[in-house]
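This report concerns only the one structure given below.
Reminder, nothing fancy here: chain letters follow the sequence lines and each chain counts from 1. From a predicted model like this one, the values you see are computed outputs, not experimental measurements.
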Amino acid sequence: MILNIIYAFLTVSVLGTLFGFGLAFASKKLAIKKDERVLAVEDALPSANCGACGFAGCAAYADAIVNAAADITLCAPGGATTQVAIAEIMGLEATGGDSVKMVARVHCFGNDETSKKDFSYDGILDCNAAAILFQGDKSCKYGCLALGSCITVCPVDAITKGEDGRINVDKEVCIGCEKCVTVCPTGVMKMIPYDADYFIACNSNDKGAAVKRACTVGCIGCKICERKFPEAGYTVKNFLSEIDYTIEPEGRDKAAEACPTSCIRIAD
Amino acid sequence: MSYIAIVITFVFINNFILTQFLGLCPFIGVSKNTESAIGMGFAVTFVMAIASVVTWLVYYYVLIPLGLTYLQTITFILVIASLVQLVEMIVQKISPPLYKALGIFLPLITTNCAVLGIALINVTNSYGLLESFVAGISAGLGFLLAIVLMANIRERLDLEDVPKPLQGVPVAFISGGLMALAFMAFDKALLTNLLG
Amino acid sequence: MSEELKDLRIESSPQIRHKDTTSKIMWAVIIALLPSGIWGVINFGWYSLVVIAVSIITAVALEYLFCRVLDKGSLLDGSAILTGLLVAYNMPPNVVLYVPIIATAFAIAVVKWSFGGLGANWINPALAGRAFVFFSWTGAMTTWTAPRSWAAISGASVDSVSSATMLSTVKTTLLDFSGTVDGPAQLLIDQGYLVSNFAQNISSWFSGTLNWDISPIHVDLFLGNVSGCIGEVSALFLIIGGIALFKKKIITWQIPLSYIGVFTILVWIFGGLDYGTGYFSGDIWFHLFSGGLMLGALFMATDMVTSPTTPKGMIIFGAGAGFLTFLFRIYGSLPEGVSLAILLMNIFVPMIDRYIVPVRFGTKKKRGAA
Amino acid sequence: MLKEFTKGIFKENPIFVILLGLCPTLGVSTMVINALGMGAGVIFVLTFSNIFVALLKDFIPTKVRIPSYIVIIASFVTIVEMVMHAYMPSLFASLGVFVPLIVVNCIILGRAEGFANQNGVLVSILDALGMGIGFTLSLLLISLIREVLGSGTITLFAMGSFDGVIEIPLLFNAPMRIISLSAGALLVMGYLKAFFNWYSSRARG
Amino acid sequence: MRKISTFSKGGVHPADRKDLTCTKEIVRLPIPEIITVPFSQHLGVPAIPNVKKGDAVERGQKIGDAAGFISADIHSPVAGKVLEIKELFLPNGMKAKAAVIEVDQERSALTGKIENDWTQMDPQEMVAKVKDLGIVGMGGATFPANVKFTVPKGKKAEYVVINGVECEPYLTSDHRLMLEKGDKILQGSMMIAKMVDAKKIIIGIEKNKPDAMDNLERLIEQNSYPIEIQPLKLKYPQGDEKQLLKATIGKEIQSGTLPIDIGAVVSNVGSTFAVYEAITNDKPLIERVVTVSGGAIKNPGNFLVTIGTPIQTIIDACDGFSETPDKMIAGGPMMGFGFYDLQTPVMKGTSGVLALTKKESIKGEQSACISCGRCVQACPMGLQPTKLYKNIKKANYDTAMAMNLLDCKECGCCAFICPAKLPLVQSMRLGKRMSRKKK
C-alpha cells in the first residue's frame with residue numbers, strides 16, 4: 001500500500017520533472033524570436049484554445065490581431081476584460097473625446113409618389129447594381145435609390161426601409177462608422193451631427209427646373225433660406241442648400257417653414 | 001483485428017466526430033474555411049499518431065509494471081500536453097514551412113478530447129503498439145475527412161441566405177447531424193462482410 | 001410617339017432569356033415521375049395513393065408556412081411537391097402514415113429551410129427524410145406489401161399478403177448459404193419466391209422462340225411485378241421517365257451513366273462471389289432493376305441542387321455513388337444502399353465543386369508553335 | 001457576487017453561449033441520468049480545480065501554468081473516476097470514455113485560466129458552481145429532449161420499487177430512434193443553439 | 001471550302017430571328033434636321049471636344065480629339081451649326097458629352113469622290129489614315145482600329161481574321177454588307193493584311209449565311225484574292241475575338257493577352273468596310289449600317305444611318321411600332337444595352353436597334369439558384385458564374401476577383417441559359433465596379 005503510494009507519487013513527479021526539464025531545455029535550445037506584441041496579446045488571451053474566435057487557437061488569433069488587424073472582440077471566453085487588455089497592447093484607444101458624434105442621414109425625401117422614374121428597372125436589388133444602368137431608374141440622378149445597400153452594409157442594423165419606401169437611419173443606434181456613406185452610389189447618405197436640428201432632405205445639384213421635373217420635394221436652389229434667414233447658417237451651392245452646423249443658428253425653423261418644397265426637414 | 005479493419009473502423013464506422021463526438025470544439029470552431037480545416041486536420045492526425053505511440057509506451061512500460069493503471073488519465077494528459085509543446089517547438093525549428101502550415105494549430109490540440117480519447121480507447125481495446133499507431137493515424141484521418149467536408153459545406157452555406165438565428169454554429173451542427181445520418185451507412189456488419 | 005414608351009424595362013444584358021425556368025424543370029421532373037407512381041398505385045392498391053397524397057400535402061403545407069414566415073420562395077415552383085412525391089416514392093406501400101409525414105417534414109423543415117430554402121440545401125431533402133425515418137422506424141420501413149401479381153397466383157387478396165423484397169430475401173438467404181447457385185435470380189426461384197404468370201410466359205416465350213434464357217425474376221423486376229417502395233419498383237417506367245428528362249435536357253448523361261456504369265462493372269466483377277460462381281459472373285440485370293437503383297440514379301442523384309455543377313464533377317459524383325451503392329448492397333447490413341450512397345456523395349459535392357473547376361479559357365499550355 | 005453565480009446559467013451559459021465542453025455534452029446526453037452524473041462530476045472537478053487554481057495562482061510560474069492546471073484538474077478527474085467506478089458502476093459504464101475526458105473539457109480549463117487565475121477563492125467557487133450548474137442544466141435539457149424523443153423514456157435513479165425509468169406513452173412504442181443516435185445529438189444541439197440565438201437577439205430588442 | 005469548325009468550350013444557341021431582316025437591302029436614310037454626336041463612341045478615354053456652342057462645322061470635320069492612346073477622334077457627320085454641347089446618357093448607362101448639331105442639308109450632301117490607290121500607299125500611311133478618320137471596331141466593343149493595326153515591337157502578325165460571324169440574334173447588318181459590298185470588304189481585309197504585314201487572311205462566317213459565303217467565295221475566285229473563307233457552326237458567342245480565333249485558327253488567347261500575342265489581328269466586317277472607305281475615299285466613320293428589328297417593329301430593315309441620328313428617326317422610317325415594346329435595345333440582344341430615351345443617337349458601335357415584345361425577351365421571375373450548373377457549362381471562358389454571382393451578392397468581391405472575375409467579358413451566355421433568371425451579368429459588372437471602387 002505504502003509502496004503503491006510512493007510509486008504513484010514518484011511516477012507523476014518524475015514524469016513531471018522530466019517533461020518540465022525537457023521542455024525547458026527544448027525551449028532554450030529551440031527558441032525562436034516572436035513579435036513581442038504577439039506574445040503580449042497571447043498572454044492576454046485566456047489560452048483556452050477553444051477556437052471560438054474562428055482562428056486555430058489563441059496564438060493564431062493573437063497573430064491575426066497583430067499582423068492581420070483581426071477584430072479584437074472575437075474572444076468569447078475572455079470577454080470584455082480581454083478586449084480591454086488587447087486594446088491596450090495594440091494601442092487601440094476608444095476614439096471619442098471632444099469630436100462631435102456624427103450620424104448618417106439620407107439626404108433625400110423622394111419616394112415612388114414624389115419622384116419620377118424614367119423606366120422600370122429589372123435586376124439585382126442593390127443600389128450599386130442599379131446604378132450601373134443609367135445611374136438608377138429615377139429621373140433625379142442624385143436621389144436615394146432605396147434598394148437598401150446601406151441596410152445590408154450597416155453593422156448595427158440602424159438603417160431600415162419604411163412603409164413609405166424611404167430609408168431611415170435610427171440615430172440612437174447609428175455608431176457613425178460611415179460604411180453606408182461609402183457604399184452609397186449616389187452619395188445621398190451623408191453624415192450630420194447627432195444633435196442637428198434640421199437637415200436638407202435633398203442631394204440634387206440639378207437646376208431648379210430639372211429638379212421640379214423629376215421630383216416634388218427636391219431643393220430647387222431658390223435661395224429663400226439663404227437670403228431671408230442669413231443668421232440661420234444656410235448657403236446654396238450648386239443649386240443645393242447646405243446647413244452650417246457649427247454656428248449657433250437663428251430662425252432655422254422659420255426657414256424650414258418658408259422652404260417652397262419643404263425639403264428642410266427636422267432631424268429627429 | 002487487421003490493420004485495414006482498424007483503418008475502416010476509425011475513419012468511417014467510428015468516425016471520431018460523427019459518431020463519438022470527440023474533437024467537436026475544433027470541428028465547429030475551425031471549420032469556417034477549408035485552408036484552416038485542412039491544416040487542423042493534418043495537425044490532429046500527426047499528434048494523434050505520435051500520442052498513440054507514446055502513451056502506449058508509457059502505459060505498458062511504466063504504468064502496468066508499477067501497477068498504477070488508475071493514473072492513466074493524469075499521465076496521459078501530462079504526456080500529451082508536453083508532447084504537443086515539444087512537437088510544436090521541434091517543427092518550428094526544423095521546418096518553418098511545416099510549422100507555418102501546421103504549427104499554429106498545435107496548441108489547440110492539447111485540449112482536444114480526440115487526442116486523449118484515442119489514447120484511452122487504445123488502452124480499452126488493448127491494441128498493440130503498431131495497432132495503436134494505426135488507430136491513431138486513422139482516427140486522425142477520420143477527423144481530417146469530417147472537418148474538411150464540413151468546411152466545404154460551410155463555405156457553400158456562407159453564400160446562401162441561411163435564416164439569421166441559424167447562421168454560423170447552429171447550421172454547422174445541423175450539417176454535422178445530416179453528415180452523421182449519412183455516415184450511418186457504415187456499420188460494423190459492413191466491415192465484417194467486407195473482410196470476411 | 002415617345003409618350004407611349006414611358007415604362008420600358010431596363011435590365012442588364014442579355015436582353016433575351018432561355019425559355020426554361022426553375023419551375024418548368026421541377027414540373028417536368030414531376031411529370032416524368034408520374035408513370036412509375038401510377039404503376040405503384042396499381043400494383044400495391046389505393047393505400048399507396050394515400051401515402052403519396054399525405055406526403056405531398058405535408059410538403060406543401062410546410063412549404064407554404066416557411067414561404068410565408070421567411071418571406072421568400074414560392075409554392076408554384078413545384079419543388080415542394082417534388083420533394084413530397086419523392087419521399088412517398090421511397091416509402092413502403094403499407095407504411096404507417098406518421099412515417100411519411102415525419103419524413104416529409106424533416107425533408108422540408110430541416111433539410112431544406114434550415115439552410116435557406118430552395119437551392120440552399122446541400123443534401124437531398126427527400127433522401128435525408130427517408131434516412132431519418134428509416135433509422136428511426138426500421139421495422140415500419142422494411143415491411144412490404146406483396147405485388148398485385150401475387151394475388152393471382154396465391155388466390156389471396158393483395159393487401160393481406162406481405163412479403164420481403166427480392167433484395168432482402170437474397171440477403172437473408174445468403175447469410176447462411178454455402179455452395180454454388182447461378183446468381184440471385186436462381187437463388188430466389190430455389191427459395192420458392194413467387195413470380196408472376198406473365199413473367200413466366202414471357203420467359204418461356206423468349207426461351208422458346210429466340211432461345212434466350214431470361215429468368216422470369218428479371219422480367220418481374222424490369223416490369224415492376226415485385227414488392228418494394230411505392231415508386232421504385234418499375235424499372236421500365238422509371239427508364240421511360242428518365243429518357244424523357246434526358247430528351248428535354250433536364251438531366252445530362254454524366255451522373256446516370258457513371259453511376260450505373262460503375263455499379264454495373266463492380267457488380268459484374270464481384271457480384272458472383274457470394275453465389276460461388278467466382279469473379280466476373282455477377283448478375284448485373286438483377287441488380288440494375290432491383291431496389292431503388294433506377295429511381296436513385298435517374299431522379300435522385302441527378303437532383304441539380306445537390307449534385308456538382310461541372311460535367312467532370314458529375315462523373316466523379318456518379319462514380320462515387322455507384323461504388324458506394326455496390327458496397328452497401330453487396331456487403332452492407334441493409335438490403336438497399338442507394339439512398340445512403342447518394343446522401344454520402346451529397347456530402348462530397350461542395351468539395352468536388354471546390355476542386356473540380358472548369359479549365360479557364362486561355363490557361364491551357366500552348367501546344368506546338370510559340 | 002451573486003452575478004458571478006447566475007451568469008453561468010444563462011448569460012454566459014458554457015454550452016449554448018460560449019460553446020465549450022461540447023464533446024461530453026453530446027456524447028453522454030442519451031439519458032437523463034447520464035446528464036445528472038456528468039453534471040455532478042463536472043461541478044465537482046470545476047469547483048475544486050477553481051479553488052486550487054485560485055489558491056495557487058501566485059505560486060505557479062506563468063510559463064508552466066497550463067500544464068500545472070491540467071495536472072490539478074486531472075487529479076480531481078481521477079478521483080471522480082474512482083468514486084464513480086466504485087459506487088455507480090452502471091453510470092460509469094454508460095459515461096464510458098467521457099469521464100476521463102472531463103480533463104480536457106474546455107469549460108474547466110477555460111474557467112481555471114480565465115477566471116480563477118485572476119480572482120479570489122470565494123468568487124471562484126461561485127463562478128464554478130454557476131458554470132457547473134449552467135452546464136448541467138443545459139446537458140439536462142439536451143438529454144431530456146433526446147431521451148424523450150429518441151427512446152420514449154426518462155431515466156432517473158432507481159429508488160425502491162421504482163426502477164428509475166419513466167415510459168412516455170405512444171412514444172415508447174415507436175420512438176424516433178435517430179434522435180438518440182449521433183445524428184440526432186448534432187441536430188438537437190443545432191436547433192437548441194439556434195433557439196438560443198433567436199431568443200437572445202429578441203431579448204436584446 | 002474548309003471544314004466547318006467552331007470553338008470548343010461553352011456557348012449557347014439562342015433563336016437567331018435573323019429571318020426578319022436578312023433579306024432586306026440596306027437603305028440609305030436621309031439626314032435628319034438635328035443630330036447629336038457623343039464624344040465617347042469608342043472603348044477608352046472620351047474624345048475632347050474642340051468645337052463650342054455656335055461654331056459652324058463641315059461634313060467630316062474633326063470635332064473631338066482622341067485623348068490618349070486608347071481613344072478615337074470624333075468627326076462631324078454633317079455640315080451645320082453646333083447648337084450646344086450637352087451631357088446625356090448613352091445606352092451603355094454612362095454619361096457623356098455630346099454635340100448637338102443643326103444640319104445644313106445642302107452642304108451635307110455627298111460631293112465628289114476621292115479615289116486613292118491603296119496599293120501605292122505604305123502601311124504607316126494607311127494606319128495614320130485609319131487613326132485620323134476615327135475608325136473603331138464596329139462589332140460592339142468599339143476598340144480604336146489603329147491601335148489594333150499597329151503591331152507592337154517584337155510581335156508579328158501572321159493572320160488577319162475577318163469577323164463575319166454576326167452571332168448576335170436579330171442582327172443582319174454585317175450579313176447585308178457582305179452581300180452588297182463584298183468586294184470592298186475583301187479589299188479592305190487585304191489592306192489590313194498589308195498594314196499588319198500578315199500572310200494569311202481568313203474570313204469566319206457562321207453557316208446561317210450561305211448566300212454571303214457564296215458571294216464572297218465567288219468574288220475571291222473571280223479576282224483570285226489570297227483570302228480563305230472559314231465556315232463556322234452556329235454558336236454564340238462566336239463573334240467574340242477569343243472564340244473566333246479558337247474557331248478559325250485553333251489557338252487560344254492566353255488570359256490577359258491580346259490576339260496579336262498569338263499572331264492574329266481581328267477585324268469586324270463592318271470595320272473592314274469602314275477601313276476600305278477611309279483609305280480609298282478618305283471618308284471618316286460618320287455613318288454605319290444599322291439593323292432595326294424585333295417583334296415590336298412594324299417593318300424591320302437594314303439602314304445606312306448617319307451617326308448622331310436619333311433612334312426615333314429610324315423607327316419612324318420603319319413605320320413605327322406594331323405594338324408597345326417591352327424593351328428597347330441598342331446593339332444585339334445578347335450584349336446590347338437597353339435604353340429608354342428614343343432621342344438617343346446612333347453611334348459608331350450601334351449595330352442594331354431592337355424593339356422586343358414581352359414574349360420575345362422572355363421575362364421571367366427570379367427564383368433561387370438551384371446549382372444546375374448550366375451557366376458553368378455555357379461559360380465560354382471557363383468561369384463559374386454561379387459562384388461568382390453568389391460571392392458578389394454577399395459582397396465578397398475579393399473572392400470573386402480571385403476566381404478570375406476579370407476574365408468575364410459579359411457575353412451573357414450564363415444569364416441567358418439560367419433557369420432561375422438570375423441577373424448574372426449584372427452581378428459581374430457590379431463585382432468589377434465595386435472591386436475597382438475599393439482600390
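- Only the side chain of B:Met184 has a heavy atom closer than 4.5 Å to any heavy atom of chain D.
- When all heavy atoms of D:Asn197 and B:Gln167 are compared, the closest pair comes out as ND2-O, 4.3 Å.
- Between chain D and the residues B:Val169, B:Leu178, B:Thr124, B:Ile121, the most heavy-atom pairs under 4.5 angstrom are made by B:Val169.
- D:Ser182 pairs in a side-chain contact (heavy atoms from CB on, under 4.5 Å) with only one of the listed residues (B:Ile17, B:Asn15, B:Thr19), which is B:Thr19.
- Here CG of B:Leu120 is found 6.0 Å from CG of D:Leu101. Values are rounded to the nearest 0.5 Å.
- When heavy atoms are compared at a cutoff of 4.5 Å, B:Leu78 approaches chain D solely by way of its side chain, counted from C-beta outward.
- Atom CG of B:Leu71 is separated from atom CD of D:Glu81 by 10.0 Å, given to the nearest 0.5 angstrom.
- One finds the CH2 atom of D:Trp198 at 12.0 Å from the CG atom of B:Leu166 (value rounded to the nearest 0.5 Å).
- Other residues, nucleotides and ligands place no more than 12 heavy atoms under 6.0 Å from the CD1 atom of B:Ile4.
- Only the side chain of D:Phe98 comes within less than 4.5 Å of a heavy atom of chain B; its backbone N, CA, C and O stay farther away.
- Contact annotation: the side chain of B:Phe173 never approaches that of D:Leu187 to less than 4.5 Å [non-hydrogen atoms, C-beta and beyond].
- D:Val71 touches chain B through backbone and side chain together, each having a heavy atom under 4.5 Å away.
- Between the OH atom in B:Tyr70 and the CE atom in D:Met82 there is a gap of 6.0 Å [rounded to 0.5 Å].
- Scanning both residues, D:Cys23 and B:Cys113, for their nearest heavy atoms gives SG-SG, 2.7 Å.
- Taken to the nearest 0.5 Å, the CZ atom of D:Phe76 stands 10.0 Å off from the CD1 atom of B:Ile74.
- When all heavy atoms of D:Leu186 and B:Ala180 are compared, the closest pair comes out as CD1-CB, 4.1 Å.
- Without hydrogens or angle criteria, B:Thr73 side chain to D:Pro100 main chain gives no donor-acceptor distance under 3.5 Å.
- Chain B forms the most heavy-atom pairs under 4.5 Å with one residue out of D:Ala74, D:Gly184, D:Ala183, and that residue is D:Ala183.
- In this structure, D:Thr78 OG1 and B:Ile77 CD1 are separated by 10.5 Å, a value rounded to the nearest 0.5 Å.
- Within the 4.5 angstrom heavy-atom criterion, only side-chain atoms of D:Ile178, from C-beta onward, approach chain B.
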